[in-house]
Amino acid sequence: MAFDIKICGLKTDEALATALDNGASHVGFIFFAKSPRNVSPDDAGRLRQAARGKAKAVAVTVDADDTFLDEIVAAMAPDMIQLHGKESPARVAEVKARYGLPVMKAFSIREAADFEAIAPYAGVADRLLFDAKPPAGSELPGGNGVSFDWRLLAGLDASVDYMLSGGLNAVNVGDAIKLANPPGIDISSGVESAPGVKDAALIENFFRAVRAASDRSAA
């Protein structure tokens, strides 16, 4: 597989092991109290040990202040921080400077005009993540199981390094790869049997679907 795959919202040893065994390049741990995938910094710190030397451990936060980020970084020692809130370019730069870690900034996408928001982050964020805009009434910035029109990514500058997220699963990931050919993909709710409950079989099925789609694109 020529692109990165991030399994996000991990909470258990079994789910983490399944993600790693199937070749995940990134594993994500979410620090957001309203999310069913929320974990404590200490739990994430224990879990991430299994990923050392195998995958990059990503701390996913939403408009977190320095005090909370300090706690997360001290307990977990992440390889990357993902900012999934309304963080400004200046805030991204602050976080990078404070911790000396690469930062991935998430953006909510519904229409082509939404990509205009990424310009100020060029050269600041190390990587971007494109997720679907949350449905009305959702308190979660991500993990809502909804997608956007992946054809919108066709007009994106080829130099933009990003991960595609939002509504991916084993059934549709082949279409996403064919339409967008993303540098990386991120999945959370699409490998769950219930909100926040990762399913080992669904994780394995997802990787099988990705490998099949990759083989087709390479043929």
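No experiment lies behind these values; they were computed from the predicted model shown. For the numbers below, each heavy atom of this structure counts, side chains included, while hydrogens, waters and symmetry mates do not.
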### Message
Could you tell me if the side chain of Asp70 sits less than 4.5 Å from the side chain of Thr67, heavy atoms only?
### Response
no

### Task
Kindly state whether the ring of Phe107 and the ring of Tyr162 have centres lying under 6.0 angstrom apart.
no

### Query
What's the shortest heavy-atom distance between Ile187 and Ile7, and which atoms?
CG2-CD1, 3.4 Å

### Query
Cut-off 3.5 Å, side chains only: do Asp42 and Ser40 have a donor facing an acceptor?
no

### Query
Do Ser214 and Phe3 touch side chain to side chain, with heavy atoms closer than 4.5 Å?
yes

#### Entry: Where Ala209 and Ala170 come nearest, the two heavy atoms and their spacing
CB-O, 3.3 Å

### Query
Does a salt bridge link Arg127 with Asp4, judged by any charged N lying under 4.0 Å from a carboxylate O?
yes

### ILVMFWY cluster, Phe68 and Val39 together (side-chain gap under 4.5 Å)
yes

### Summary
Taking every heavy atom of Ile203 against every heavy atom of Ala15, the minimum-distance pair comes out as CD1-O, 3.9 Å

### Message
To the nearest 0.5 Å, what is the distance between CG on Leu156 and CG on Leu128?
### Response
8.0 Å

### Query
Thinking salt bridges, do Arg37 and Glu192 make one under a 4.0 Å N-O criterion?
yes

### Message
Main chain of Leu129, side chain of Lys105: is a donor-acceptor contact present, judged purely on distance under 3.5 Å?
### Response
no

### Message
Set out, in order, the CA-CA distance, both residues' side-chain angles and the distance that settles side chain to side chain contact (heavy atoms under 4.5 Å, CB included) for Val173 and Ile177, then state yes or no.
### Response
CA-CA 6 Å; Val173 69; Ile177 292 170; 4.1 Å; yes

### Query
So, for Lys198 and Ser188, which heavy atoms are closest and what is the spacing to 0.1 Å?
NZ-OG, 3.4 Å

### Query
Salt-bridged, Arg46 to Asp13, with N to O below 4.0 Å?
yes

### Query
Are more than 12 heavy atoms from other residues, nucleotides or ligands located less than 6.0 Å from atom NZ of Lys96?
yes

### Test item: Lys11 side-chain N/O and Ile30 main-chain N/O as donor-acceptor pair under 3.5 Å
no

### Message
Any carboxylate oxygen within less than 4.0 angstrom of a Lys/Arg side-chain nitrogen, looking at Lys6 and Asp186?
### Response
yes

### Main-chain N/O of Ile5 paired to Ser25 side chain as donor or acceptor, under 3.5 Å
yes

### Query
Is a side-chain N or O of Glu87 found less than 3.5 angstrom from the main chain of Gly85, in a donor-acceptor match?
yes

### Query
If you measure from OG on Ser165 to CE on Met104, what distance do you get to the nearest 0.5 Å?
9.0 Å

### Query
For the side chain to side chain contact (heavy atoms under 4.5 Å, CB included) test, which of Leu47, Asn38, Val58 pairs with Phe29?
Leu47

### Message
If I take atom CZ from residue Phe207 and atom CG from residue Leu202, how far apart are they, to the nearest 0.5 angstrom?
### Response
12.5 Å

### Query
Is it true that a side-chain atom of Asn172 and a backbone atom of Asp175 form a donor plus acceptor pair closer than 3.5 Å?
no

### Message
With a 4.5 Å cut-off on side-chain heavy atoms, are Glu71 and Pro41 touching?
### Response
yes

### Query
Taking Asp114 for the side chain and Arg110 for the main chain, is one N or O donor matched with an acceptor at less than 3.5 Å?
yes

### Query
Is any side-chain heavy atom of Met80 closer than 4.5 Å to a side-chain heavy atom of Lys56?
no

### Task
Output yes when a side-chain donor or acceptor of Thr61 lies under 3.5 Å from a complementary backbone atom of Leu83, and no otherwise.
no

### Query
Same cluster for Val171 and Leu179 if Ile/Leu/Val/Met/Phe/Trp/Tyr side chains link at under 4.5 Å?
no

### Task
Mind listing the closest non-hydrogen atom pair of Leu20 and Ala55 along with its distance?
CD2-CB, 3.6 Å

### Message
Give me the atom names and distance for the closest heavy-atom approach of Gly174 to Ala213.
### Response
CA-CB, 3.7 Å

#### Entry: From CG (Asp43) to CG (Leu10), nearest 0.5 Å
12.5 Å

### Message
Counting C-beta onward and ignoring hydrogens, is there a side-chain heavy-atom pair between Leu164 and Phe148 closer than 4.5 Å?
### Response
yes

### Message
Under 4.0 Å between a side-chain nitrogen and a carboxylate oxygen: does that hold for Asp79 and Arg48?
### Response
yes

### Task
Decide yes or no on side chain to side chain contact (heavy atoms under 4.5 Å, CB included) for Asn22 and Glu204, but give the supporting numbers first.
CA-CA 7 Å; Asn22 281 274; Glu204 291 172 351; 3.6 Å; yes

### Query
Is the closest side-chain heavy-atom distance between Tyr121 and Pro89 below 4.5 Å?
yes

### Task
Taking only Lys NZ, Arg NE, NH1 and NH2, and the carboxylate oxygens of Asp or Glu, determine whether Asp66 and Arg98 approach each other closer than 4.0 Å.
yes

### Query
Applying the 4.5 Å side-chain criterion to the ILVMFWY set and letting contacts propagate, would Val197 and Val191 be lumped into a single cluster?
no

### Query
Taking atom CD of Gln49 as the centre, does the number of heavy atoms from other residues, nucleotides or ligands within less than 6.0 Å exceed 12?
yes

### Query
Roughly how far, to the nearest 0.5 Å, is CD of Glu14 from CG of Asp199?
8.0 Å

### Query
Lys86 and Asp63: side chain to side chain contact (heavy atoms under 4.5 Å, CB included), yes or no, with the steps?
CA-CA 6 Å; Lys86 294 181 171 58; Asp63 298 313; 4.0 Å; yes

### Query
Got Cys8 and Val60 here, is their nearest side-chain heavy-atom distance under 4.5 Å?
yes

### Task
Tell me whether the centres of the aromatic rings in Phe115 and Phe130 are closer together than 6.0 Å.
yes

### Task
Could you tell me the separation between the CZ atom of Phe31 and the NE2 atom of His84, rounded to the nearest 0.5 Å?
15.0 Å

### Query
Mind checking whether Thr12 and Leu16 have side chains closer than 4.5 Å, heavy atoms only?
no

